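Structure, as structure tokens:
Ligands are counted one by one from 1 in listed order, and the atoms in each one are counted from 1 as well. Since the structure is predicted, the reported quantities are computational estimates derived from the model, not experimental observations.
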Amino acid sequence: MKVINSVAEMQQFAREHRGEIALVPTMGYLHEGHASLMVEARKRARIVVASIFVNPTQFGVNEDLDSYPRDLERDTRVASEAGVDIIFAPTAAEMYPSGYQTYVNVEELTTHLCGASRPGHFRGVTTVVSKLFNIVMPRVAIFGKKDFQQLAVIKRMAKDLNMDVEIVGMPIVREHDGLALSSRNVRLDTTQRRSALSLSRSLRVAKEALRGGEQSVAALKKAVAEVIEAEPMAEIDYLEFRDPDTLLELEQADERTLLALAVRIGSVRLIDNCILGEE
Ligand code: AMP
């Protein structure tokens, strides 16, 4: 496995291997969720490139850019075991040199959920992903459904801008106790981690309630909120039942409905989601 830091070198390689590359964009501090994307990439292309870049433009001024966990040495090991051929790990100055002033914005889908709580976040995401597509020239790019809205926004962007990249979404990988894997989980202490289990538990409660015949979003919201609010450390940022395609609000839920959550546990903001009818 090779580590490339320079845009020019990555692009030169990509030019020589156009049509053969699968890309897995990440912010590093890799875990089994990332590894599952890399394993899928391995099945879909001859060459797997994983990017590791904590993208400053997708963090708000008071967010956790500085405290975001980083460990390139460990990441190299995880990526290599998952079958990655090349790690592309540029610096912020390499990606955004002085004079930089171009951004990509998906207008509507980004107004909801994480876009509402984190203004400018998705503009940073779509910008960096566009840049990565131009640098790595992948035939296919793999993303996790853990960031459900991000996947929807990227699919929209690729379609709207006629990007010649297939966008693939993969299921959420969880710990045995249900906690969705996240690089931010390392910042939870033991008590906070216990509180964090309320996210996945509340998704199960909603699924069971729907199975039991409850379709009113107001009633389902109340049931989900009760599970999370029972944890003294947990503070709900949003709790929404939405159409999975448009992300618009619903009054009645069914098997296709997306339940998306963002919850603060101390200083750590966690997200989770499910489609109510899926296992
Ligand atoms: P991140 O490094 O958090 O920006 O995530 C990089 C990619 O990994 C994104 O496409 C995420 O959706 C995906 N990802 C993160 N956590 C998980 C998980 N627990 N299961 C599946 N995919 C994940």
Side-chain angles (χ1 to χ4, degrees), residues 22-42 44 48-60 63-65 67-72 74-76 78-79 82 84 87-90 92 95 113-114 118 121-133 136 138 140-158 165-188 193 196-197 199-200 203 244 258 260-263 268-275 278-279:
L23 170 67
V24 180
T26 83
M27 299 206 298
Y29 215 78
L30 301 179
H31 50 63
E32 284 302 312
H34 298 115
S36 73
L37 310 184
M38 294 166 186
V39 167
E40 180 64 21
R42 182 73 285 157
R44 286 174 177 264
V48 177
V49 176
S51 60
I52 296 183
F53 180 58
V54 184
N55 174 36
T57 64
Q58 71 187 66
F59 287 81
E63 293 184 354
D64 58 352
L65 175 63
S67 59
Y68 198 86
R70 292 164 169 90
D71 187 345
L72 189 58
R74 187 173 146 279
D75 286 350
T76 311
V78 176
V84 169
I87 287 185
F88 175 53
M95 290 294 269
L113 307 173
C114 283
R118 304 182 68 187
H121 168 66
F122 285 115
R123 177 178 180 260
V125 169
T126 43
T127 298
V128 81
V129 170
S130 301
K131 286 170 66 68
L132 289 169
F133 286 179
V136 179
V140 52
I142 324 276
F143 295 86
K145 291 184 184 168
K146 161 86 180 345
D147 299 85
F148 190 96
Q149 186 177 16
Q150 170 174 282
L151 175 62
V153 166
I154 287 167
K155 279 187 175 160
R156 188 76 247 171
M157 170 188 79
V165 184
E166 182 190 353
I167 308 297
V168 173
M170 295 296 290
I172 301 178
V173 177
R174 299 178 179 281
E175 303 273 11
H176 293 300
D177 56 11
L179 182 65
L181 294 186
S182 162
S183 306
R184 290 184 169 99
N185 290 350
V186 290
R187 291 173 42 214
L188 300 169
R193 197 189 173 288
L197 288 176
L199 277 81
S200 53
L203 301 182
L258 167 73
L261 289 174
V263 176
V268 188
R269 181 176 175 280
L270 298 176
I271 55 172
D272 205 343
N273 71 79
C274 70
I275 299 295
E278 289 180 3
E279 258 323 294

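- Remark: minimum distance from atom 11 (C) of ligand 1 to any protein heavy atom is reached at D147 OD1, 3.1 Å.
- Nearest to atom 9 (C) of ligand 1 by heavy atom, out of R174, K145, H34, Q150, is Q150.
- When hydrogens are left out, the protein atom nearest atom 21 (C) of ligand 1 is P171 O, 3.4 Å; that is the closest non-hydrogen contact.
- Under the 4.0 Å criterion applied to side-chain N and carboxylate O atoms, R174 and D272 are assigned as salt-bridge partners.
- For the pair Q149 (side chain) and C114 (backbone), a donor-acceptor distance under 3.5 Å is present.
- Under the 4.0 angstrom criterion for non-hydrogen atoms, E32 is not in contact with ligand 1.
- Here the side chains of I52 and M27 are not in contact, with every heavy-atom distance at 4.5 Å or above.
- Side-chain atoms of T26 come within 3.5 Å of backbone N or O of S51 as a donor-acceptor pair.
- Considering V173, N55, V125, D272 only, the shortest heavy-atom separation from atom 18 (C) of ligand 1 involves V173.
- Cation-pi geometry between R74 and Y29 is met: under 6.0 angstrom from the ring centre, within 45 degrees of the axis.
- Nearest non-hydrogen protein atom to atom 23 (C) of ligand 1 is K146 CB, 3.9 Å.
- The one candidate from L30, V48, T76 that meets the side-chain contact (heavy atoms from CB on, under 4.5 Å) condition with V84 is V48.
- The shortest contact between atom 4 (O) of ligand 1 and any protein heavy atom is with M27 CG, 3.5 Å.
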Side chain to side chain contact (heavy atoms under 4.5 Å, CB included) assessment of V24 paired with V49: CA-CA 6 Å; V24 180; V49 176; over 6 Å; no

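- Proximity annotation for atom 15 (C) of ligand 1: of H31, E175, M170, H31 comes nearest, heavy atoms only.
- The nearest heavy-atom contact from the protein to atom 10 (O) of ligand 1 is G144 N, 2.8 Å.
- Of the heavy atoms in S183, none comes closer than 4.0 Å to ligand 1.
- In terms of protein heavy-atom proximity, atom 13 (C) of ligand 1 is closest to L37 CD1, 3.7 Å.
- Residue P25 touches ligand 1 through its backbone alone, judged by heavy-atom distances below 4.0 Å.
- Salt bridge annotation for D64-R269: absent, with no cationic side-chain nitrogen under 4.0 angstrom from a carboxylate oxygen.
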